[in-house]
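Since we're looking at a predicted model, the values are computed, not measured.
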Amino acid sequence: MDILSGGKTKNISKSQVLTLKDEVSYQDGMVVSKTLVQNDAVSVTLFAFDKGEEISTHESGGDAFVTCLDGVGKITIDGVEYILKEGESIVMPAKHPHAVFGEECFKMLLVVVF
């Protein structure tokens with residue numbers, strides 16, 4: 001099964017070269033998200049965190065692969081903090097508590113595989 005087919009992609013141009021960090025914008029005092037794919041197998045979402053904004057500690061049913069597209073973010077997994085800068089990635093394992101914080105303004109691509 002092609003996880004990106006069947007009309008499951010949205011909010012993104014097809015057959016066009018894109019710069020992902022330009023596909024979501026910072027907003028003062030907010031975490032902005034843009035869902036690109038959502039189905040039973042995978043979720044792909046872009047996020048833009050204003051400095052100091054966060055997604056508090058939670059768990060996911062799938063492994064969550066994060067890539068920093070811009071800025072600096074802090075990822076906490078099982079109470080351990082990791083700093084991500086542009087071009088760096090980390091996997092937040094399924095069923096492990098994790099959180100995301102904008103150390104600076106921070107954009108990320110989140111791919112969750114269920």
Side-chain angles (χ1 to χ4, degrees):
M1 176 177 116
D2 179 354
I3 60 174
L4 301 181
S5 68
K8 301 290 186 185
T9 57
K10 58 184 178 179
N11 300 321
I12 195 161
S13 300
K14 297 173 179 72
S15 302
Q16 179 180 334
V17 176
L18 303 169
T19 302
L20 287 177
K21 70 181 179 181
D22 294 339
E23 293 294 313
V24 64
S25 299
Y26 294 116
Q27 292 187 28
D28 289 343
M30 296 184 69
V31 176
V32 178
S33 66
K34 183 177 184 180
T35 300
L36 306 181
V37 177
Q38 183 72 56
N39 60 45
D40 292 342
V42 67
S43 170
V44 180
T45 309
L46 293 170
F47 286 90
F49 291 75
D50 193 21
K51 181 177 181 175
E53 294 300 313
E54 68 181 327
I55 296 174
S56 60
T57 303
H58 63 284
E59 294 181 12
S60 171
D63 289 334
F65 181 82
V66 173
T67 298
C68 177
L69 303 174
D70 186 50
V72 180
K74 178 173 66 178
I75 309 295
T76 304
I77 305 169
D78 291 322
V80 179
E81 295 179 353
Y82 304 87
I83 298 297
L84 275 190
K85 297 178 182 169
E86 185 174 341
E88 296 179 331
S89 301
I90 193 166
V91 175
M92 301 180 294
K95 301 186 185 349
H96 286 255
H98 58 266
V100 182
F101 178 80
E103 279 291 301
E104 303 293 335
C105 287
F106 169 59
K107 292 182 182 179
M108 71 179 205
L109 173 67
L110 174 67
V111 179
V112 182
V113 181
F114 299 103

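Among the candidates L84, L69, V100, the single residue satisfying the side-chain contact (heavy atoms from CB on, under 4.5 Å) test with M108 is V100. Residue K107 is tested with F49, F47, Y26 for a side-chain contact (heavy atoms from CB on, under 4.5 Å); the sole match is Y26.
Side-chain contact between I77 and Y82: present, with at least one pair of heavy atoms (C-beta onward) separated by less than 4.5 Å. Using a 4.5 Å heavy-atom threshold, the side chains of T76 and E81 count as touching. At least one side-chain heavy atom of L36 sits less than 4.5 Å from a side-chain heavy atom of L46.
Expressed to the nearest 0.5 Å, how far CG of D70 lies from CG of L20 amounts to 12.0 Å. Here the NZ atom belonging to K51 is positioned 14.5 Å from the CZ atom belonging to F106, to the nearest 0.5 angstrom. The NZ atom of K74 lies 11.5 Å from the CD atom of E104; values are rounded to the nearest 0.5 Å.
Heavy-atom neighbours of K34 NZ from other residues, nucleotides or ligands within 6.0 Å: above the threshold of 12.
Taking both residues in full, the closest heavy atoms of G29 and D50 are given as N-OD2, 2.6 Å, listed atom of the first, atom of the second, then distance. Taking all atoms of both residues into account, the shortest heavy-atom contact from C68 to E86 is SG-N, 3.3 Å. Smallest separation of non-hydrogen atoms from S13 and L18: O-CD1, 3.7 Å. Between A48 and V24, the shortest heavy-atom distance links the atoms CB-CG2, 4.0 Å. Considering every non-hydrogen atom in both V42 and V44, the closest pair reads CG2-CG2, 4.1 Å.
Without hydrogens or angle criteria, T19 side chain to K21 main chain gives no donor-acceptor distance under 3.5 Å. A donor-acceptor pair is defined here as one N or O able to donate and one able to accept, closer than 3.5 Å; no such pair exists between the side chain of D63 and the backbone of V113.
No chain of hydrophobic side-chain contacts below 4.5 Å, direct or via other Ile, Leu, Val, Met, Phe, Trp or Tyr residues, connects I75 to V32. Hydrophobic clustering places I12 together with L109 (ILVMFWY residues linked when any side-chain heavy atoms are closer than 4.5 Å, directly or through intermediates). Cluster membership for F101 and V80, using ILVMFWY side-chain heavy atoms within less than 4.5 angstrom, is not shared. Tracing side-chain contacts under 4.5 Å through hydrophobic residues (I, L, V, M, F, W, Y), one reaches V66 starting from F114; they form part of the same cluster.
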Side-chain donor-acceptor pairs of residues 87-98 under 3.5 Å, sequence neighbours excluded:
from, atom 1, to, atom 2, distance (Å)
E88, OE1, K85, N, 2.8
S89, OG, T67, OG1, 2.8
H96, ND1, D78, OD1, 3.2
H96, ND1, D78, OD2, 2.7
H98, ND1, H96, O, 2.9
H98, NE2, H58, NE2, 3.1

